[in-house]
Engineer: 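Below you will find the structure I want to go over with you.
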Amino acid sequence: MFKKILIANRGEIACRVIKTAQRLGVKTVAVYSEADALARHVGLADEAYCIGPAAAKDSYLRGDKILETAKNCGAQAVHPGYGFLSENADFAEDCAKSGLVFIGPPPAAIRAMGSKSAAKDIMGKAGVPLVPGYHGEAQEAALLQKEADKIGYPVLIKASAGGGGKGMRIVEKAADFAAALASCQRESKASFGDERVLLEKYLTRPRHIEIQVFADTQGDALYLFERDCSVQRRHQKVLEEAPAPGMSQARRNSMGEAAVAAAKAIGYVGAGTVEFIAEPGDGKKSAGTFYFMEMNTRLQVEHPVTEMITGLDLVEWQLRVACGEPLPRAQDELAINGHALEARIYAEDPDKNFLPSTGRITHLAAPAESRHVRIDTGVCAGDAITPFYDPMIAKLIVWDLDRPSALARMRGALEQFQVVGVSTNTEFLARLVSCEAFAKADLDTGLIERNRAELMPAPPLAGDEVLALAALAELLAIERRAKERAAGSGDPFSPWGSCDGWRLNQDNHHILIFRQGDREQAVTAHYRPGRFELELPGGRHSLTGAWQADGSLTAWLENAVLQANVVRSGQTLDVFFRGTRYQLELHDPALHEIDTDAHGGNLRAPMPGKIIAVLTKSGAKVEKGTPLIILEAMKMEHTIVAPGRGTVKEIHYKVGEQVNEGAELLGFELDKD
């Protein structure tokens with residue numbers, strides 16, 4: 001076994017690798033950018049070294065700096081994690097030239113699968129079923145349009161060198177093809193340095209099923225069953241589970257054997273994933289109804305669900321195979337035990353088409369880990385989510401004896417996962433695992449869009465119980481501040497240190513105004529001996545309560561006992577109550593707020609990014625929905641469109657310029673009719 005390895009990655013995967021390495025007695029070396037100096041993986045590793053500025057191209061993608069660090073610190077091997085350099089054949093070769101072991105497949109295998117078009121050629125020759133499409137090297141726009149017309153719409157355009165939903169578009173009709181192609185090529189070049197694309201017939205209700213494979217240096221290979229990754233948004237996975245619901249043993253064997261054949265065909269070594277798309281009803285049809293999609297020559301984000309149902313540590317397998325050891329198990333020694341699900345918790349806003357959210361995490365609470373619940377994360381409360389890297393906060397993994405039990409575990413765990421400071425998808429995930437389609441395993445890649453009305457409801461409105469909890473948190477804060485002022489004054493018993501709302505010739509009370517969107521509700525708190533009497537929208541109620549040692553809030557509202565977490569950031573109170581998050585603004589009526597955009601004046605950047613295309617000009621008359629500017633952020637393109645019929649008054653930024661979140665991109669005047 002290695003004595004010391006360097007982990008050429010960051011975030012939760014770096015922490016994940018460190019955990020296994022330390023269990024095996026292997027010393028770990030972390031690398032970090034200037035933005036990650038205080039990151040969790042830096043503190044967990046035995047050694048850590050800065051390799052450059054925040055931008056990935058200047059740090060985590062600098063293979064030369066990483067290899068120099070590895071040699072200087074005496075590491076024997078490099079674990080690339082996933083993303084960044086994990087599927088870079090040149091980097092794998094440079095490791096070998098530097099006398100370091102690359103904990104991954106041989107460079108030739110990476111190259112063979114690195115191009116989606118070349119990979120499909122190899123699979124086609126090996127007899128693996130392929131989706132009808134075009135995978136050629138010729139990339140002229142006219143030729144691609146012709147091939148798309150031949151395949152028939154809808155057509156899927158995919159970046160040949162990429163993954164993760166980047167450089168991918170669904171084209172419904174021929175008239176939309178040219179614009180979609182140009183967008184894909186730009187996004188692909190920005191993400192992968194390669195603008196080549198391939199075309200495929202888009203299956204309207206496909207399931208996305210992948211097979212975990214492993215191979216050693218002795219030429220043996222096996223599969224560790226399948227994962228269902230059908231639930232996606234913007235072509236990126238949201239929920240994964242293992243085993244795939246409804247999978248027959250015959251189908252499992254057929255797909256597993258095809259995946260192993262694919263690995264052997266390219267001389268694979270280590271952990272890899274062969275991804276397939278399957279038509280609806282798999283498990284009931286013949287084995288010929290699945291199609292090869294791509295092979296990921298690395299460890300996958302969703303590998304924990306495979307670990308949970310097999311009881312194996314795939315990172316340990318990676319280390320052992322990289323050391324030259326044979327596979328720890330034979331195919332007939334592997335078995336599936338129970339069911340596991342993984343939810344990816346991201347800093348993103350589902351109400352804004354899942355745009356990534358940046359900011360500092362001011363509060364982070366997660367369910368306790370156990371044999372049923374696992375949390376893989378690379379962040380802590382106080383950390384910042386920046387625009388430089390993937391906005392994943394954590395992976396929440398649950399296991400139980402069967403799928404219904406695992407679903408119940410996931411619902412409960414998501415209810416306990418609380419994040420304040422950035423927008424997250426936790427409530428969306430909770431609705432997703434509770435929706436009827438997912439519960440019944442009616443799975444395909446269109447599940448989210450098909451159930452959008454159920455999954456994207458209006459924010460829940462705060463009722464009397466939530467308002468009482470918010471009021472109690474604020475009243476206790478007022479009481480605490482008053483006591484601190486009194487204790488710090490010359491006269492700690494002065495009535496001016498009192499917090500009972502005393503007023504001359506008036507009832508002693510506080511009026512608290514809470515705003516939720518456009519809705520404003522007043523709560524009047526009257527001070528009574530040992531309690532408050534609240535005037536709530538639903539009537540007057542007696543209230544007492546206190547903060548608990550774990551930071552939660554307990555309230556007694558009449559005879560009801562309420563438990564919640566209330567977190568205040570500025571004037572915002574986040575109330576986590578009975579599995580739902582309510583966000584309230586404590587409003588001071590003395591302040592007059594002016595909505596500068598109330599009349600449609602300016603269009604703002606939804607997040608920090610770079611202007612990559614300006615599609616209009618000053619003075620242009622446009623219709624509602626007309627694309628105006630394309631913003632690139634986190635390697636994804638976001639199109640800013642006209643909010644209605646009107647006139648572009650002025651454009652504030654040029655192509656190539658960086659903008660901050662909320663920046664006014666252009667002036668726009670809506671037509672008055």
Engineer: Would R233 and Y346 count as a cation-pi pair here, with the cationic atom under 6.0 angstrom from the ring centre and within 45° of the axis?
Structural biologist: yes

Engineer: Between E348 (side chain only) and P356 (backbone N and O only), is there a donor and an acceptor less than 3.5 Å apart?
Structural biologist: no

Engineer: Is a side-chain N or O of S357 found less than 3.5 angstrom from the main chain of V422, in a donor-acceptor match?
Structural biologist: no

Engineer: Would you say NZ of K65 has more than 12 non-hydrogen atoms from neighbouring residues, nucleotides or ligands within 6.0 angstrom?
Structural biologist: yes

Engineer: Quick check: closest heavy atoms across L396 and M410, and the distance to 0.1 Å?
Structural biologist: O-CE, 3.5 Å

Engineer: What I want to find out is whether R111 reaches D90 closely enough, with some N-O distance under 4.0 Å, to be called a salt bridge.
Structural biologist: yes

Engineer: For atom NZ of K27, decide whether the heavy atoms of other residues, nucleotides or ligands shown that lie under 6.0 angstrom number more than 12.
Structural biologist: no

Engineer: Look only at the side chain of N425 and the backbone of R344, and say whether a donor-acceptor pair between them is shorter than 3.5 Å.
Structural biologist: yes

Engineer: Measuring from atom OG1 of T273 to atom CE of M293, what distance do you get when rounded to the nearest 0.5 angstrom?
Structural biologist: 10.5 Å

Engineer: Considering residues at least two apart in sequence or located in another chain, which fulfil the ring-ring contact (aromatic ring centres under 6.0 Å, His included) criterion with F428?
Structural biologist: F354

Engineer: Does R207 use its side chain to pair, donor to acceptor, with the backbone of D444 at less than 3.5 Å?
Structural biologist: no

Engineer: Do H339 and L341 pass the side chain to side chain contact (heavy atoms under 4.5 Å, CB included) test, and can you show the C-alpha distance, the side-chain angles, and the key distance before you say yes or no?
Structural biologist: CA-CA 7 Å; H339 199 94; L341 296 109; 4.1 Å; yes

Engineer: Answer yes when E316 and R23 have at least one side-chain N-carboxylate O distance shorter than 4.0 Å, and no when they do not.
Structural biologist: yes

Engineer: Is it true that a side-chain atom of Q22 and a backbone atom of L44 form a donor plus acceptor pair closer than 3.5 Å?
Structural biologist: yes

Engineer: Do side-chain atoms of D228 reach the backbone of I209 as a donor and acceptor pair under 3.5 angstrom?
Structural biologist: no

Engineer: Does any donor atom in the side chain of S183 or R169 lie under 3.5 Å from an acceptor atom in the other side chain?
Structural biologist: yes

Engineer: Can you find a heavy atom in the side chain of I336 that is under 4.5 Å from one in the side chain of T310?
Structural biologist: no

Engineer: Just by distance, do the side chain of D216 and the backbone of D220 share a donor-acceptor pair under 3.5 Å?
Structural biologist: yes

Engineer: Please step through side chain to side chain contact (heavy atoms under 4.5 Å, CB included) for the pair I110 and F102, ending with a clear verdict.
Structural biologist: CA-CA 12 Å; I110 298 175; F102 178 75; 3.9 Å; yes

Engineer: Between R40 and D383, does any NZ, NE, NH1 or NH2 come within less than 4.0 Å of an OD or OE carboxylate oxygen?
Structural biologist: no

Engineer: Exactly one of V155, L144, L198 should register a side-chain contact (heavy atoms from CB on, under 4.5 Å) with Y134. Which one does?
Structural biologist: L144

Engineer: Stepwise, does the ring-ring contact (aromatic ring centres under 6.0 Å, His included) test hold for Y389 with Y60?
Structural biologist: CA-CA 10 Å; Y389 315 116; Y60 296 107; 5.6 Å; yes

Engineer: For the residue pair R298 and Y268, what are the closest heavy atoms and their distance?
Structural biologist: N-OH, 3.5 Å

Engineer: Tell me, with the steps shown, if V301 and K237 meet side chain to side chain contact (heavy atoms under 4.5 Å, CB included).
Structural biologist: CA-CA 10 Å; V301 177; K237 300 165 187 173; over 6 Å; no

Engineer: Could you tell me which non-hydrogen atom of I7 sits nearest to which non-hydrogen atom of V31, and how far apart they are?
Structural biologist: O-CG2, 3.5 Å

Engineer: With heavy-atom distances below 4.5 Å as the criterion, would you say the side chains of L432 and L239 are in contact?
Structural biologist: yes

Engineer: With a 3.5 Å cut-off and sequence neighbours excluded, list the donor-acceptor pairs that the side chains of residues 45-55 form with protein atoms.
Structural biologist:
| from | atom 1 | to | atom 2 | distance (Å) |
| --- | --- | --- | --- | --- |
| D46 | OD2 | T28 | N | 2.8 |
| D46 | OD2 | T28 | OG1 | 3.3 |
| E47 | OE1 | Y49 | OH | 2.6 |
| E47 | OE2 | K4 | NZ | 2.6 |

Engineer: Without hydrogens or angle criteria, can the side chains of R320 and Q318 be said to hold a donor-acceptor pair below 3.5 Å?
Structural biologist: no

Engineer: E226 versus E210: any side-chain heavy-atom pair under 4.5 Å?
Structural biologist: no

Engineer: Would you mind reporting whether T377 and I345 have side-chain heavy atoms less than 4.5 Å apart?
Structural biologist: no

Engineer: So, D313 versus T20: side-chain donor-acceptor pair below 3.5 Å or not?
Structural biologist: yes

Engineer: Taking the side chain from K158 and the backbone from V197, do they hold a donor-acceptor pair closer than 3.5 Å?
Structural biologist: no

Engineer: Can E449 and Q232 be counted as having a side-chain donor-acceptor contact under 3.5 angstrom?
Structural biologist: no

Engineer: Do the charged groups of E307 and K395 touch, with an N to O distance under 4.0 Å?
Structural biologist: no

Engineer: Run the salt-bridge test on R227 and E342 with the 4.0 Å N-O cut-off and return the result as yes or no.
Structural biologist: no

Engineer: Quick one, E195 with S188, criterion side chain to side chain donor-acceptor pair (under 3.5 Å). Give me CA distance, side-chain angles, the key distance, then yes/no.
Structural biologist: CA-CA 5 Å; E195 66 179 9; S188 179; over 6 Å; no

Engineer: Without swapping roles, check the side chain of R431 against the backbone of L455 for a donor-acceptor pair under 3.5 Å.
Structural biologist: yes

Engineer: At their closest point, which heavy atom of L443 faces which heavy atom of P245, and how far apart are they?
Structural biologist: CD1-CG, 3.9 Å

Engineer: Do the side chain of S33 and the main chain of S59 share a donor and acceptor less than 3.5 angstrom apart?
Structural biologist: no

Engineer: State, with a plain yes or no, whether a side-chain heavy atom of D36 is found less than 4.5 Å away from one of H41.
Structural biologist: yes

Engineer: More than 12 heavy atoms of other residues, nucleotides or ligands under 6.0 Å from CG of L24: yes or no?
Structural biologist: yes

Engineer: For Q212 and T306, does a side-chain donor sit closer than 3.5 Å to a side-chain acceptor?
Structural biologist: no

Engineer: Any side-chain heavy atom of F292 within less than 4.5 Å of one from I277?
Structural biologist: no

Engineer: Any side-chain heavy atom of I103 within less than 4.5 Å of one from F2?
Structural biologist: yes

Engineer: What is the minimum heavy-atom distance between A242 and I309, and which atoms define it?
Structural biologist: O-CG2, 3.4 Å

Engineer: Mind listing the closest non-hydrogen atom pair of I13 and G81 along with its distance?
Structural biologist: CG1-CA, 3.8 Å

Engineer: Between I5 and V29, is any pair of side-chain heavy atoms under 4.5 Å apart?
Structural biologist: no

Engineer: Take K120 and Y291 through the test side chain to side chain contact (heavy atoms under 4.5 Å, CB included) and record every step on the way to the result.
Structural biologist: CA-CA 10 Å; K120 289 179 184 295; Y291 305 95; over 6 Å; no

